[in-house]
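Basis for what follows: all heavy atoms, side chains included, without hydrogens, waters or symmetry-related copies.
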Amino acid sequence: MLGRDALSSERGSFLIETLVGAVLVAVVAVAMLSAFDGANQVSGRTKMRALAASLAQSDQERMRSMPEATLNNLRQTSPKYVDGVRYDVASRADWIADPTSTTDCKNNGTAGDYMKITTTVSAPTQPILKPVVVESVVTPAPGTFGLNQGSLAVTVVDRNGNGVANQPVSISGPASASDVTDSNGCAFFGYQPIGSYTVSTTHTGWVDPQGNSTATKTVSIASQQMSSAQLQYDQAGSLTVQFDTFATDPGGATRTVVAPIATGRSIRVAHSSMLPPNWRAFGDTADHTSIAALKLFPFTSAYGVYTGDCDMNDPNKQLPTPQPVDSAQIDPGASPTLTVREPAVNVHVVNNGVDVANPHVKITADSPCSGTWNYPATATNANGTLKFPGL
């Protein structure tokens with residue numbers, strides 16, 4: 001007979017073995033269930049992908065049966081429901097110059113030779129399904145389009161001349177159409193009625209070189225030809241301008257140092273790449289401690305900045321000695337601050353070499369901008385100079 005201790009030990013070993021066996025069974029069961037679950041997921045994904053591919057092929061056949069005039073620049077998206085799952089079917093047709101190229105506004109030639117039709121099927125509520133894309137090429141029959149039609153290629157480029165993708169482009173004229181630029185910054189409008197068109201693009205916070213929120217251009221479409229238009233467009237920057245000035249005597253040596261002036265009325269921001277007159281004005285007739293120049297195109301070179309609202313305020317036009325122009329580099333989305341020195345008219349009144357205190361001084365300016373303008377009569381200080389020399 002076994003003793004009580006031996007019997008307890010044997011029972012303990014049996015219990016441990018039973019627990020280990022149960023754990024192993026549970027582990028195997030979980031593994032099998034995971035395998036089944038993974039297999040079900042793979043099976044479900046495969047089924048959904050097959051359905052999406054079938055929808056894409058059906059859409060390709062639908063587009064192939066369309067008249068070329070209807071297929072021209074087609075852009076459609078429609079929902080399809082299969083087994084309670086929503087599939088979005090996006091259809092588009094793009095003109096290309098040969099059956100293998102992507103649409104490129106620089107290389108399409110005199111006309112589009114082929115139409116690439118693309119179907120993209122996605123399931124917004126099913127993240128396990130990657131979009132299914134099917135492409136093919138359609139060749140329009142000779143003479144499909146008449147002599148009163150041509151094509152238009154529009155390119156949107158940034159400040160560096162690089163194409164801007166996903167930018168909306170619209171054309172209006174004898175016909176209206178819209179599209180979004182591709183990875184080359186190109187939007188191609190195939191075989192539109194001939195005539196004059198306005199091409200435009202707009203994007204919140206972006207501007208053209210003149211500071212316009214919408215970039216536009218006029219272009220004509222000729223019979224059986226491809227016309228082209230380029231729109232330069234980029235994210236706008238801004239500039240905050242502050243002011244100071246100084247005074248010297250007519251001989252050039254510093255006589256009276258005037259405290260910096262903290263107000264200005266107007267500024268000009270100039271750049272040679274802008275259309276004539278090559279500058280934009282900001283400010284008004286009131287005094288400001290600073291003036292904001294908004295919606296500035298981010299040219300790759302700096303703007304020249306000076307105070308005043310007249311061509312003769314340009315420091316380059318100061319006679320007899322032109323003065324340097326303050327400058328500021330504006331990058332996309334940037335908002336720097338610049339302190340601009342206002343040119344000073346320094347008046348010093350003397351009599352036989354002796355300073356004359358408190359005479360009234362009248363300054364009359366005669367320039368092409370404003371004709372004759374009288375500076376308010378004022379008095380010099382004890383040193384014979386004006387208190388505020390900046391004009």
Side-chain angles (χ1 to χ4, degrees), residues 239-272 274 276-294 296 302-330 336-391:
L239 177 67
T240 299
V241 178
Q242 300 172 338
F243 315 95
D244 70 3
T245 190
F246 67 100
T248 59
D249 68 12
T254 300
R255 179 180 180 87
T256 302
V257 178
V258 179
I261 292 178
T263 61
R265 294 189 173 185
S266 61
I267 61 171
R268 283 188 176 182
V269 180
H271 199 281
S272 60
M274 297 170 64
N278 305 112
W279 51 261
R280 292 176 59 198
F282 300 89
D284 49 40
T285 59
D287 290 330
H288 302 277
T289 57
S290 65
I291 295 176
L294 304 177
L296 298 177
Y303 281 90
V305 185
Y306 58 90
T307 60
D309 59 359
C310 174
D311 289 344
M312 299 308 294
N313 294 134
D314 185 345
N316 281 315
K317 298 180 181 179
Q318 301 303 308
L319 300 176
T321 305
Q323 301 298 312
V325 180
D326 293 294
S327 62
Q329 176 64 50
I330 308 297
T337 298
L338 176 70
T339 299
V340 173
R341 176 147 290 174
E342 295 185 311
V345 174
N346 304 300
V347 178
H348 181 208
V349 181
V350 296
N351 182 19
N352 293 325
V354 179
D355 294 338
V356 178
N358 300 321
H360 285 274
V361 177
K362 182 178 181 181
I363 301 174
T364 300
D366 189 5
S367 74
C369 292
S370 58
T372 300
W373 176 76
N374 293 325
Y375 185 75
T378 187
T380 62
N381 58 20
N383 295 320
T385 60
L386 292 177
K387 181 179 180 181
F388 300 109
L391 294 178

* **Residues in side-chain hydrogen bond (donor to acceptor under 3.5 Å, both in side chains) contact with Asn278, at least two apart in sequence or another chain** => none
* To do: Using the test side-chain contact (heavy atoms from CB on, under 4.5 Å), find all partners of Pro336 that sit at least two apart in sequence or belong to another chain.
  => Leu239, Ile330, Ala334
* Structure fact -> Test salt bridge (Lys or Arg N to Asp or Glu O under 4.0 Å), reference Arg268, set Asp314, Asp309, Asp311, output is Asp311
* Asked: Between CZ of Arg265 and CD1 of Ile291, what distance do you get to the nearest 0.5 Å?
  -> 10.5 Å
* Contact summary for Val350 and Val356, nearest pair of heavy atoms -> C-CG2, 3.7 Å
* Structure fact -> Hits for side-chain hydrogen bond (donor to acceptor under 3.5 Å, both in side chains) against Asn316, two or more places apart or cross-chain, chain-then-number order -> none
* Partners meeting salt bridge (Lys or Arg N to Asp or Glu O under 4.0 Å) with Asp284 (sequence neighbours left out) -> none
* So, for Met274 and Val269, which heavy atoms are closest and what is the spacing to 0.1 Å? -> SD-O, 4.4 Å
* Provide the closest heavy-atom pair for Asn313 versus Gly308 in the form atom of the first, atom of the second, distance. => OD1-CA, 3.2 Å
* Using the side chain to side chain contact (heavy atoms under 4.5 Å, CB included) rule, take Leu338 and Tyr303 through it: C-alpha gap first, then chi angles, then the decisive distance, then the call. => CA-CA 11 Å; Leu338 176 70; Tyr303 281 90; over 6 Å; no
* To do: Search all heavy atoms of Ala292 against all heavy atoms of Phe282 and return the closest pair with its distance.
  => O-CD2, 3.8 Å
* State which residues pass side-chain contact (heavy atoms from CB on, under 4.5 Å) with Ser327; sequence neighbours excluded, sorted by chain then number. => Ala302
* Heavy-atom pair with the smallest gap, counting every atom of Ser290 and Phe243 -> CA-CE1, 4.1 Å
* For Tyr306, ring pair (Phe, Tyr, Trp, His ring centres under 6.0 Å) partners two or more places apart -> none
